[in-house]
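Beneath this line is the structure, given in structure tokens, with notes to follow.
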Protein chains: 2
Amino acid sequence: MGRQRPGTPTLEEVAALAGVGRGTVSRVVNNAAGVRDSTRRAVRQAITELGYVPNLAARSLAGHRADAVALVMTEPDWRLFGEPFFTEVVHAVGDALTDTPVQLLLTLVRTDTERQRFVEYARGGRVDGVLLMSVHAEDALPDMLAKAGLPTVMLGRRSGDETITYVDADNTAGARGAVAHLLDTGRTTIGAVSGPLDMYVAQCRLRGYREALEGAGVTPASSLVVEGSDFTEQSGRRAMADLISRRPELDAVFAASDTLAAGALDALRAAGRRVPRDVAVIGFDDVHPARPTDPPLTTVRQPLGEIGRTMVRLLLEEMEDSPAGRRSVVLPTELVVRDSA
Amino acid sequence: MGRQRPGTPTLEEVAALAGVGRGTVSRVVNNAAGVRDSTRRAVRQAITELGYVPNLAARSLAGHRADAVALVMTEPDWRLFGEPFFTEVVHAVGDALTDTPVQLLLTLVRTDTERQRFVEYARGGRVDGVLLMSVHAEDALPDMLAKAGLPTVMLGRRSGDETITYVDADNTAGARGAVAHLLDTGRTTIGAVSGPLDMYVAQCRLRGYREALEGAGVTPASSLVVEGSDFTEQSGRRAMADLISRRPELDAVFAASDTLAAGALDALRAAGRRVPRDVAVIGFDDVHPARPTDPPLTTVRQPLGEIGRTMVRLLLEEMEDSPAGRRSVVLPTELVVRDSA
DNA sequence: TTGAAAGCGCTAACAC
DNA sequence: GTGTTAGCGCTTTCAA
């Protein structure tokens, strides 16, 4: 068992050495106002002399806060942990917390054992709030935390009527803009490689595709839409192969993720199509910065940095406020034109 | 501020409901022996009924331990955080901790502010021990932790007489084996693309190179060794270009990292050499699984999983034991032959 | 086997 | 301004 070495100086000892009361030392340590400057100096001196460091367990117990928040990655496939998507968010969250006294704790939750342990950790008061990344629709963790009354902010939504505070990209508008761009550049027969429609993000992106077509007076043909079974490149290849055989005349494709787009690209080439000349491809840029593709694709980019910062802002608000109304945020995406599609 | 919602049940309330004393509830919660089965059941019942979760701050304060360890990434270049090298270690550490009641906390330390905050967090008793990844020689963190008496285990060494417990790969032997392999396969003029020699890992790898040559009765020529200014591909390209111009007759190269090897490969090709036919290349496999190179290179692989598990073992030992003698570990590497070099 | 009680080191409310 | 004091909720003797 580790913990503070025995012999670690306490507030009391500092007070004794400085010749003041414990309350005063506490005020100095916490930079509270109402302490004479000379006293403050004397206390600081004693602190330095003794090498005093506050016992955080005692502080938590008495102060009812942990000064820490957890950023949880609930991902059975831990390899995704290394994706630029997540590192970018982690970075932004770290930055947003840098000027606060709040310690950021990253946590991996892969199994039910780990889920249980983390919930006890959080409910036990070791963190004041929780940020959730990569939440799957069927994950029990978000509701466990909500039920425990812990301030929680999610990256993305699980459904249209998400009950937990979230920060999401405007997937619908992003997809709509992408398809509108394709229409603007003269493409007429635009296919869609959708993600699995049991995921809300896939629903939104497909909706955006449809809305853009309808906005242009085109009725979206179901023969132009293929649903991938997941977001992998392989799904993209299969879906695209399917799409070409069904509608060989298509001249553009909207893919619901960068991985699906990469797969679609493979399939198009295998079918002898040139991209973007014969067929233009636009995909979402989920793991910004995007994996290099050749040719570079026009993408819909999520503002990951801002997403991370916003998550922190909402979390801090929830931590301070009384249970005010949830105010989730949906951030705009950006169309990054990289080809002459 | 968050923390346990007001109204969270306490040990005392559980005791009252179960009609027992607080001590008994504590014993049940901690699975301590010496409680009659019927009592235990009654207490469990009350715990469930109330939804009781122990307050971890109180437990820490009274029990002098946190039941948590930190895995710290001290890396100003946070992008490295996503490298397979680190995700592999994180994964192994997580696995090794899964059967313990210890919560793993990943922490990013990028700036001095964050360094200070983390030290206060750790010294404040929020973790029982610390695992350090990616330590730079001049980083103050390891010594700060050691001075505070916190059980600490490092991945790698900062120098030959490392004072902190560490787990390292046997870089010298790995390099020696790699070069011996080149000699065995008939190569005679073997160059070395070294890493920056102010880093201990680079020293070890170069020493292994020299030892292998000496073992074969060859005196290592200094004209065959080039020191990269860092471990980047660009350094590899420069160093290799230098090497070719100096010793155009070389037929093999030992690179001190996979990135240097990738750069060396570029330079060799640029010079019109075929790899591995004209020139065989062996590099260390630092970011296993290695980035795909074409052609696949023979590499020296570090046992990252075992490194992570060993770090946890040593840390748990240091946490339990009295300050017994440090017993660091150096693990063997594996030569992975992928070409016919 | 179990209950009672003494802290763990701090914050915050209240006196002076 | 500053000292004093009452807990925060738990673990851990020590008796019973």
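We name chains A, B, ... by the order of the sequence lines, and we start the count at 1 in each one. Remember, it's a predicted structure, so these values are computed and weren't measured experimentally.
- Residues B:L331 and B:V329 form a side-chain contact, since some pair of their non-hydrogen atoms from C-beta on lies under 4.5 Å apart.
- A 4.5 Å side-chain heavy-atom check between A:L106 and B:L105 finds every atom pair outside the cut-off.
- For A:R27 and A:L11, each mapped to the nucleotide of DNA chain C holding its nearest heavy atom, the one lying further toward the 5' end belongs to A:L11.
- The interatomic distance linking B:I47 (CD1) with D:dC10 (P) rounds to 10 Å, in whole Å.
- Counting to the nearest Å, the C1' atom of D:dG9 and the CZ atom of A:R65 are 17 Å from each other.
- At C:dT2, one or more side-chain N or O atoms of B:T39 fall inside 4.0 Å of OP1 or OP2 (strictly under the cut-off).
- As judged by a 4.0 angstrom heavy-atom cut-off over every strand, B:S26 is placed among the base-contacting residues.
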Applying side-chain contact (heavy atoms from CB on, under 4.5 Å), run through B:Y166 and B:L155 and close with a yes or a no.
CA-CA 6 Å; B:Y166 62 83; B:L155 172 46; over 6 Å; no
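- B:V29 comes within 4.0 angstrom of no nucleic acid atom, judged by non-hydrogen atoms across all strands.
- Side-chain N/O atoms of A:N30 include one lying less than 4.0 angstrom from OP1 or OP2 on C:dT11.
- For the pair B:Y52 OH and D:dG9 C1', the interatomic distance rounds to 7 Å; values are reported in whole Å.
- Between A:R59 atom CZ and D:dG9 atom P the separation is 18 Å, expressed in whole Å.
- In this structure, of C:dC10, C:dT2, D:dC10, it is C:dT2 that holds the atom nearest to the side chain of B:V35.
- One can place CG of B:L61 at 12 Å from P of D:dT12, the figure rounded to the nearest angstrom.
- One finds no salt bridge joining B:R117 and B:D112 here, because no Lys/Arg side-chain nitrogen approaches an Asp/Glu carboxylate oxygen to under 4.0 Å.
- Whole-Å rounding puts the B:L56 CG to C:dG9 P distance at 18 Å.
- Note: NE2 (A:H64) to P (D:dC8) measures 7 Å, nearest angstrom.
- Distances were taken from every side-chain heavy atom of A:A62 (C-beta onward) to each of C:dG3, D:dC8, C:dA6; the shortest belongs to D:dC8.
- In the set D:dC10, D:dT2, C:dT1, the nucleotide with an atom closest to the side chain of B:P54 is D:dC10.
- Using a 4.0 Å cut-off between charged nitrogen and carboxylate oxygen, A:R158 and A:E138 do not count as a salt-bridge pair.
- At whole-Å resolution of the value, CD in A:E12 and P in C:dC8 are 9 Å apart.
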